[in-house]
Amino acid sequence: MDRKDLEEKYGIDLWDDQTRQDFRETLLAWYDQEKRDLPWRQTKDPYKIWVSEIMLQQTQVATVIPYYEKFIQTYPDIKSLAESNEDDLLRLWQGLGYYSRARNMRQAAQQIMEDYGGHFPKDPKEIKKLKGIGPYTSGAIASMAFDQAEPAVDGNLMRVLARVFEVDLDVKKSSNRKVFEALTKEIIDPDRPGDFNQAMMDLGATISTPKNYNPELSPIKEFDQSYLNDTWRRYPVASSNKKAKKEVYLALLVKDKDGDYLVEKRPAKGLLANLWLFPIINLEDLKQASQDPESWQVKQGALQEVLDQDQVNQVQAYFKDHYHLPSQFNQQVQGQVSHAFSHLNWSIYLLEGQVDSGQAIPDQCEWLSPDQREAYAFPKVQEKIWETYFNPSLF
DNA sequence: TAGCCGTGGCC
DNA sequence: TGGCCAAGGCT
């Protein structure tokens, strides 16, 4: 995609050389005055910039900072990350979300050790080959760590550009990103590409925000076509999100005679991969196996607080099937937990059960002593279940 | 391509 | 409360 495409196919009015120069100067002067003081802005170490960029994916700056500091202390360089233990790494990442980011980073660090002699690659095409690094992160590292004039197009940058150039493309549609990349290439400052990208992002994060945007406050308003034409309320064009699917689960809090609880390491792929969770049953699975699916009907958004003996028998049969342990579950439901993922809404009912000690358990399971919780990487939903279980008032 | 993949904050 | 949003990438 070139200038001609941008102008003819997408109706974007590009700037002449002088305007482009003026824009760079205005934007970077603002950035030099107002840029946020962030830990990863103290360095040009590609490793540290990489760590920060991965953590910042779909995650707010304030959330990232403490995780970043701890990460750099624990894994100060590529080699230490490549040699890390995945369970340790996930424990450090616990609570940050999108856990595949951590596992991909570890794999990428090993790639760098093997394929690049432990030196972070400089070529954007090589950078993008690393696991977990896409077009945005590749451009961010190339421009910030290696001063290459590469676009780093994230949500901020698309929003800013959509407003400045009145771009009528859906910024939620990933295929449109290439248009914003081409546009960025046209205006990026070749002398300060990393600062240019970060200035655009800072502008999007602090002034050209999704909500409560006031173009009067923008340092680049005189370059902003939608401000000059008073069309800024139309931009950016963004399609709406899909609704999260509702799912209902039973969480099984299975205690042995020593007071330990059964926890299970989740599969290596999919939701919360390789993290630890109490055994959970999707209510749909239980319904399908049941002679009386109606008994599991969730009425007015809630399961009954006391199960009948037949339902308990079904749970025990399911548990025997999947975990090969004879068990005794209580009829009383111990509490209810709601947890929202980006694409799922879970409603979880807590059911307590007992098994005899000393029996063999499946490979991916362990007995968890309540005082050893810090030894495992747990997702938030597990913490919520735990808290609710020990605080019955929350039901 | 579109669905999957977490969590917290905001209104 | 529910929907949107936050320095995206993988499949």
Side-chain angles (χ1 to χ4, degrees), chain A residues 35-36 38-41 49-68 90 93-105 107-108 127-144 151-160 170-178 180-181 184 194 196-206 208-213 236 238-247 266-275 277 301 338-346 377-384:
Chain A
K35 70 176 170 189
R36 294 173 289 174
L38 303 171
W40 45 87
R41 285 185 172 166
I49 292 170
W50 173 39
V51 172
S52 73
E53 289 302 336
I54 299 296
M55 287 189 168
L56 285 162
Q57 287 172 4
Q58 302 292 287
T59 310
Q60 295 185 348
V61 167
T63 305
V64 165
I65 290 174
Y67 282 91
Y68 172 81
L90 286 174
W93 207 271
Q94 175 175 323
L96 196 55
Y98 286 143
Y99 298 95
S100 67
R101 291 183 294 178
R103 298 186 297 118
N104 287 342
M105 277 192 84
Q107 196 178 323
I127 297 175
K128 201 175 129 16
K129 285 182 184 170
L130 299 170
K131 192 82 172 165
I133 295 186
Y136 162 75
T137 305
S138 166
I141 296 171
S143 64
M144 296 174 198
V153 175
D154 74 331
N156 285 313
L157 206 137
M158 284 195 281
R159 185 172 57 255
V160 171
D170 184 350
V171 296
K172 291 287 185 64
K173 218 167 137 60
S174 56
S175 60
N176 287 331
R177 197 199 62 252
K178 66 179 189 299
F180 292 95
E181 284 178 349
T184 303
F196 182 92
N197 283 331
Q198 293 187 82
M200 293 288 277
M201 287 190 269
D202 265 24
L203 193 60
T206 61
S208 191
T209 48
K211 286 171 281 189
N212 303 323
Y213 169 51
S239 54
S240 56
N241 295 336
K242 259 198 71 178
K243 268 191 188 173
K245 184 183 171 193
K246 293 185 181 184
E247 293 182 339
R266 293 177 59 84
K269 290 186 176 180
L271 185 65
L272 305 174
N274 287 358
L275 276 73
L277 202 65
S338 298
H339 188 74
F341 300 97
S342 42
H343 58 303
L344 296 171
N345 271 313
W346 278 9
F378 293 120
K380 275 297 169 196
V381 63
Q382 170 73 11
E383 302 285 347
K384 281 191 193 174

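Below, chains carry the letters A, B, ... as their sequence lines are ordered, and counting in each starts from 1.
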First encountered from the 5' end of DNA chain B, between Leu344(A) and Lys380(A):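 The residue closer to the strand's 5' end, by nearest nucleotide, is Leu344(A).
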First of Gly97(A) and Asn212(A) reached from the 5' end of DNA chain B, by closest nucleotide: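 This one resolves to Gly97(A).
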When we call it a touch if two heavy atoms are under 4.0 Å apart, what does [X] touch: a base, just sugar-phosphate, or nothing?
X: Lys384(A); result: nothing
X: Ala273(A); result: nothing
X: Arg159(A); result: sugar-phosphate
X: Gly204(A); result: nothing
X: Trp346(A); result: nothing
X: Arg41(A); result: base
X: Leu275(A); result: nothing
X: Val64(A); result: nothing

Please measure how far the [atom1] atom in [N] lies from the corresponding atom in [M], and state the result in whole Å.
N: dC4(C); M: dG3(B); atom1: P; answer: 15 Å
N: dG6(B); M: dT1(C); atom1: P; answer: 24 Å
N: dC4(B); M: dA7(C); atom1: P; answer: 24 Å
N: dG9(C); M: dT1(B); atom1: C1'; answer: 14 Å

Heavy-atom side-chain contact between Val153(A) and Pro135(A) under 4.5 Å: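 Result no, sub-4.5 Å side-chain heavy-atom pair not found.
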Any side-chain heavy-atom pair of Trp50(A) and Leu130(A) under 4.5 Å: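 No, their side chains stay 4.5 Å or more apart.
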Rounded to whole angstroms, how far apart are [atom1] on [X] and [atom2] on [N]?
X: Arg266(A); N: dG6(B); atom1: CZ; atom2: C1'; answer: 12 Å
X: Tyr98(A); N: dG3(B); atom1: OH; atom2: P; answer: 14 Å
X: Trp93(A); N: dT7(B); atom1: CH2; atom2: C1'; answer: 13 Å
X: Leu271(A); N: dT7(B); atom1: CG; atom2: C1'; answer: 12 Å
X: Gln60(A); N: dG6(B); atom1: CD; atom2: C1'; answer: 13 Å
X: Phe378(A); N: dG6(B); atom1: CZ; atom2: P; answer: 16 Å
X: Lys245(A); N: dC5(B); atom1: NZ; atom2: C1'; answer: 15 Å

Derivation and outcome, side-chain hydrogen bond (donor to acceptor under 3.5 Å, both in side chains), residues Asn104(A) and Arg101(A): CA-CA 5 Å; Asn104(A) 287 342; Arg101(A) 291 183 294 178; over 6 Å; no
Spatial distance of atom CE (Met55(A)) from atom CG (Leu96(A)) [nearest 0.5 Å]: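 Between atom CE of Met55(A) and atom CG of Leu96(A) there are 6.0 Å.
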Crowding at NZ, Lys246(A) (>12 non-hydrogen neighbours, <6.0 Å):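 Counting other residues, nucleotides and ligands, NZ of Lys246(A) stays at 12 neighbours or fewer.
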Segment of DNA chain C, first to last nucleotide, that comes within the 4.0 Å heavy-atom reach of chain A: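 Contacts span dG3(C) to dT11(C), reading 5' to 3'.
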Candidate list Leu90(A), Leu271(A), Asn274(A), test side-chain contact (heavy atoms from CB on, under 4.5 Å), partner Tyr99(A), passing option: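 One option only clears the test, and that one is Leu90(A).
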Contacts of type salt bridge (charged side-chain N to carboxylate O under 4.0 Å, His left out), residue Lys35(A), not counting sequence neighbours: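 Checked Lys35(A) against salt bridge (charged side-chain N to carboxylate O under 4.0 Å, His left out); zero matches.
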Of Lys131(A) and Trp40(A), the one whose closest DNA chain C nucleotide lies more 5':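 Counting from the 5' end, the first nearest nucleotide belongs to Trp40(A).
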Ala244(A) or Val61(A), whichever maps to the more 5' nucleotide of DNA chain C: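 Of the two residues, Ala244(A) wins.
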Phosphate OP1/OP2 of dT7(B) contacted by His339(A) side-chain N/O (<4.0 Å):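 His339(A) to dT7(B) OP1/OP2: side-chain N or O found under 4.0 Å.
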Phosphate-side-chain proximity, His343(A) and dC4(B), N/O vs OP1/OP2 below 4.0 Å: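 So the side chain of His343(A) is outside the cut-off, no N or O lying under 4.0 Å from OP1 or OP2 of dC4(B).
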Expected output: side-chain Ser52(A) to main-chain Ile49(A) donor-acceptor under 3.5 Å: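 Present.
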Under 3.5 Å: donor-acceptor pair, side chain of Tyr67(A), backbone of Gln94(A):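 Here the side-chain-to-backbone pair exists.
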Any residue of residues 50-59 of chain A with a heavy atom less than 4.0 Å from an atom of DNA chain C: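 Close to the strand are Glu53(A), Leu56(A), Gln57(A), Gln58(A).
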Aromatic plane relationship, His339(A) with Phe341(A) - under 30° parallel, 30 to 60° tilted, over 60° perpendicular: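 Phe341(A) vs His339(A) ring planes: perpendicular.
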Donor on one side chain, acceptor on other, Tyr136(A) and Glu53(A), under 3.5 Å: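 Side-chain D/A pair, Tyr136(A) to Glu53(A): present.
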